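Throughout, a chain's letter reflects where its sequence line sits, starting with A, and its residues are numbered from 1. Since this is a predicted model, take the numbers as computed values, not measurements.
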Amino acid sequence: MTELTCRQCRELAAELALGVLPGAERARTLAHLDHCTACRTAVSALTRTGEALIELLPAAEPPAGFEHRMMTALGPPPRTRHWLMPTAAIIVAIALAGGGWTLGRATLGVGPLETGAAWQTVAFAPLKVGEQQVGQVYLFPGRPAWIYLSLDTDRNSATGTVRCELVRQDGTTVPVGTFQLAKGYGAWGASVPVDRNSLATARVIDSTGAILATAHFAN
Amino acid sequence: MTYAGEFIPHRADPLPRLVRTEQVHIRRALDIRRPLEPMPDDMLLAGLATGDPQLAVAFVRRFQQTVFGVALAVVGDSGLAEDIAQQAFERAWRHAAVYDPRRGSVRTWLTRIVHNLAVDAVRVRRPAPLDPQDLIPLLVAMTEGPEHRALAGETSTELRKALATLPPEQARAVVLAAVHGLTAREIAEAESIPIGTAKSRIRAAMAKLHTALSPERADHD
Ligand SMILES: [Zn+2]
């Protein structure tokens with residue numbers, strides 16, 4: 001099987017991108033793409049064009065009862081997956097619950113079907129005032145890592161801008177941003193330049209510089 | 001970089017009080033009813049992965065016309081299109097966890113899923129060779145379809161315009177390949193033309209459509 005030139009590859013690129021190139025030609029084209037970045041880029045662009053074309057297809061109302069049949073077909077939720085959700089699913093759960101639940105330390109799969117066993121851990125710590133828990137902080141692994149926190153201080157007077165600060169294990173502090181509290185409640189997320197292994201504490205500080213709540217991450 | 005607006009889509013709602021149980025089941029957390037409509041597509045998809053029926057219904061409602069429309073355009077039969085639409089949602093539901101937002105919107109991802117299923121289905125059961133003249137209504141719908149269904153604004157307008165201005169034989173070739181999944185050989189048979197001609201029509205059409213979509217479109221000429 002002779003190697004395709006870039007020119008020959010480009011002649012087949014559109015058919016490959018549209019998924020209509022038959023076996024032998026497809027194999028030769030893919031072999032060329034294996035080591036040719038320029039042709040790969042060209043094929044990706046044409047693939048996006050093909051997808052855009054499909055998106056021009058007119059929408060259509062499905063037959064009556066489709067939604068009901070669909071829900072029956074989906075059946076009971078896949079219970080075993082509750083702790084194997086992508087990060088975004090955790091976010092949506094938190095967002096929906098308005099900070100109303102604690103996760104503990106959940107193990108997440110980040111695209112396990114695509115990336116193999118890319119298991120990562122979300123770190124969690126309760127936000128406390130003294131011994132009382134008033135909220136929670138999650139540190140999500142990633143590049144960059146990011147935190148999500150919510151707190152409910154039960155203090156209606158606590159309204160306005162507060163800031164969040166992280167403390168590393170070596171004692172250095174990292175300001176990560178500000179957010180709004182309304183009647184003691186606030187929830188917020190931000191990317192952070194701190195990884196799980198170096199993070200010791202997260203705290204929320206009010207406009208007077210007083211510490212409202214602190215979360216200690218166990219190590 | 002702050003994401004607060006993305007993470008808390010419904011801050012205007014009355015806030016639920018904290019449930020300070022050590023581990024509250026996610027499904028219970030999701031049972032706090034919230035309007036789902038303003039939720040971004042990718043969050044709704046992520047929610048689908050949790051198996052919450054409320055999110056599943058919202059997801060199906062949001063995308064069923066798109067999904068069914070693609071299936072119907074490819075297979076041309078309402079009953080078969082419904083089967084395929086259903087399979088597409090099931091597949092999306094099973095694979096919600098591997099959706100990668102960097103590779104395109106949820107709508108694009110779903111469209112790709114249902115289109116692949118539909119093309120596979122007609123490849124197996126296509127009753128008779130397609131008559132290229134039968135494509136005319138579909139081409140009209142694709143070039144004049146309602147704007148809000150497709151790609152964001154200007155991009156889709158440019159693509160529609162480009163498709164509408166292709167020579168008719170190139171437009172038919174690219175729709176037969178891109179939408180119906182016909183190979184150049186099948187297009188050649190349907191149009192009674194040499195295979196080389198079919199290939200060059202597909203190539204020429206795709207090149208023009210690609211140019212129409214590229215932001216760095218050449219100013220000259
Ligand atoms: Zn090349």
Check each atom of [X] against the heavy atoms of chain A and say whether the ones under 4.5 Å are side chain, backbone, both or neither.
X	result
B/Leu72	side chain
B/Arg203	both
B/Ala177	both
B/Val179	both

Under the 3.5 angstrom rule, does the side chain of [X] hit a backbone N or O of [Y] as a donor-acceptor pair?
X	Y	answer
B/Glu82	B/Gly79	no
A/His32	A/Leu4	yes
B/Arg123	B/Gly181	yes
A/Arg26	A/Leu16	no

